[in-house]
Amino acid sequence: MTYVIVHALAPIFVIMLLGFYAGKAKMVDNKNVSLLNIFVMDFALPAALFTATVQTPWAGIVGQSPLIVVLVLSMWVAYAAFYFLCIKVFHKSPQDAAVLTLTVALPNYAALGLPILGSVLGESSGTSLSVAVSIACGSVLMTPFCLLILEREKALAAGGEHKSSLAMLPVLMWRSVTKPIVWGPLLGVVLSALGIRMPELLLSTIKPLGLAATAAALFLTGLILSARQLKMNRAVVVASLTKLLIQPLIAWGLVLVLGLHGQIAITAILMIALSAGFFGVVFGNRFGVSSPDAEAALLISSVLCIITLPLFISLTSGM
């Protein structure tokens, strides 16, 4: 099992290392990555998320509702609690807190979901559906929180009126929804719910763009990291513990409360137990927000999940 996890993590580290090397060797300007960020955030990732959601049958999404409840509540609880810690205990700015919290709360479904679930439960259409649903939950129901905070702070920094967050909510929600990274997967879910099938020609046309998404995002993450000096501190330690231990235990508690068992219970816990995803770091860079703690938490959780994932796989084996 350790080999399977290392095998799944290896591409992540290799591609991030290539981006890190390109930045350090000055092959790519690691101080100005806006063009690559636009490609990742406005084209590649939206294409990948749209393709994943629009090809997920609505009946399958509805059938996975217990999984959706556990995933969403686990992410929301972790996001709310850790954001509070970032603001009140670690005294971070709202932008930094939003980026770090999204890194912690949103697991790396896209890169690790299928390899891990496939190795534990076997590769099947059901496994693929669970991963697709997880990606949809993260992109549609998690990322807008971070975008709302980043858009709010951007508006205030630009000299906007100091209205309450509630008063600014409609405008901020509109700005968030108009981002391709949000409306891409959301459109896919809506079309799936309406039973509208996309022409195969359209899907095959955007498929190469979607296939480039994960690699481009990981390369961009490595490039961003090459311009930083990573440091350990309380926030990084708590962030790593939250991602690798506390959040999976939250999911486990929800599984017990809901009375879930079998494959759906194992899937819910293991998907939440995955290492931190790259969305937070990439989102922050898109808005000019640097969060060294988010970058450090991303690296540490990716390394330490080699230990924690086998632990949760073993603990859930009898469910």
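Predicted model, so just to flag it, every value in this text is computed and none were measured.
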_Nearest 0.5 Å, please: how far is CD in E151 from CG in L148?_
8.0 Å
*Taking salt bridge (charged side-chain N to carboxylate O under 4.0 Å, His left out) as the test, write out the residues that go with D42, two or more places apart.*
R286
*For residues L45 and F278, determine if any side-chain heavy atom of one lies less than 4.5 Å from a side-chain heavy atom of the other.*
yes
_Give me the atom names and distance for the closest heavy-atom approach of F43 to L209._
O-CD2, 3.7 Å
_Any heavy-atom pair between the side chains of D293 and K92 that's under 4.5 Å?_
yes
*asked:* Do L201 and L187 land in one hydrophobic cluster if side-chain heavy atoms of ILVMFWY residues count as linked below 4.5 Å?
replied: no
*Measure the shortest side-chain to side-chain distance between L17 and Y21 over non-hydrogen atoms and say whether it is less than 4.5 angstrom.*
no
*asked:* Please determine whether the number of non-hydrogen atoms from other residues, nucleotides or ligands lying under 6.0 Å from atom CE of M27 exceeds 12.
replied: no
*Which pair of heavy atoms, one from R152 and one from P94, lies closest together, and at what distance?*
NH2-CB, 3.6 Å
*For F283, ring-ring contact (aromatic ring centres under 6.0 Å, His included) partners two or more places apart*: F279
*asked:* Do I149 and F84 land in one hydrophobic cluster if side-chain heavy atoms of ILVMFWY residues count as linked below 4.5 Å?
replied: no
*Closest contact, heavy atoms only, A97 versus I87*: CB-CD1, 3.8 Å
*Calculate, to the nearest 0.5 Å, the distance between atoms OG1 and CD belonging to T127 and Q263 respectively.*
5.5 Å
*asked:* Which heavy atom of K88 sits nearest to which heavy atom of H91, and what is that distance?
replied: O-CE1, 3.3 Å
*Could you pull out the closest heavy-atom pair between L117 and V131, with the gap in Å?*
CD1-CG2, 4.0 Å
*Distance from L249 atom CG to L254 atom CG, nearest 0.5 Å?*
11.0 Å
_Heavy-atom side-chain contact between Y109 and L274 under 4.5 Å_ = yes
*Does I196 belong to the same Ile/Leu/Val/Met/Phe/Trp/Tyr cluster as V190, with side-chain heavy atoms less than 4.5 Å apart forming each link?*
yes
*Is a donor on one side and an acceptor on the other found under 3.5 Å between the side chain of Q95 and the backbone of G284?*
no
Name each donor-acceptor pair under 3.5 Å that joins a side chain in residues 66-78 to protein atoms two or more places apart or in another chain, with its distance.
| residue | atom | partner | partner atom | Å |
| --- | --- | --- | --- | --- |
| S74 | OG | V70 | O | 2.7 |
| W76 | NE1 | L141 | O | 2.9 |

*So do the side chains of S275 and K243 get within less than 4.5 Å of each other, counting heavy atoms only?*
no
*For the student: nearest non-hydrogen atoms of K26 and N30, plus distance*: NZ-OD1, 4.2 Å
Donor-acceptor list for residues 47-54 side chains, cut-off 3.5 Å, not counting sequence neighbours:
| residue | atom | partner | partner atom | Å |
| --- | --- | --- | --- | --- |
| T51 | OG1 | A47 | O | 2.8 |
| T53 | OG1 | L49 | O | 2.8 |
| T53 | OG1 | F50 | O | 3.1 |
| T53 | OG1 | P185 | O | 3.3 |

*Nearest 0.5 Å please: distance from the CD1 atom of I206 over to the CG atom of L211.*
10.5 Å
*asked:* Under 4.5 Å side-chain heavy-atom separation, chaining through any Ile, Leu, Val, Met, Phe, Trp or Tyr, what else clusters with V104? Say none if it is isolated.
replied: F82, L85, V89, F90, L100, V238
*Going through the checks in order, is the side-chain contact (heavy atoms from CB on, under 4.5 Å) test met by W252 and L256?*
CA-CA 6 Å; W252 198 311; L256 294 177; 3.7 Å; yes
*Rounded to the nearest 0.5 Å, what separation is found between the CD1 atom of I272 and the CG atom of L106?*
8.5 Å
*Do you reckon L35 sits in the same ILVMFWY cluster as L218, going by side-chain contacts under 4.5 Å, direct or chained?*
no
Which donor-acceptor pairs under 3.5 Å do side chains of residues 297-316 form with protein atoms, sequence neighbours excluded?
| residue | atom | partner | partner atom | Å |
| --- | --- | --- | --- | --- |
| S301 | OG | A276 | N | 3.1 |
| S301 | OG | A297 | O | 3.0 |
| S301 | OG | L298 | O | 3.2 |
| S302 | OG | L298 | O | 2.7 |
| S314 | OG | P310 | O | 2.9 |
| T316 | OG1 | F312 | O | 2.8 |
| T316 | OG1 | I313 | O | 3.2 |

*How far does CD1 of I266 sit from CG of L121, to the nearest 0.5 angstrom?*
5.5 Å
_With heavy-atom distances below 4.5 Å as the criterion, would you say the side chains of Q55 and S192 are in contact?_
no
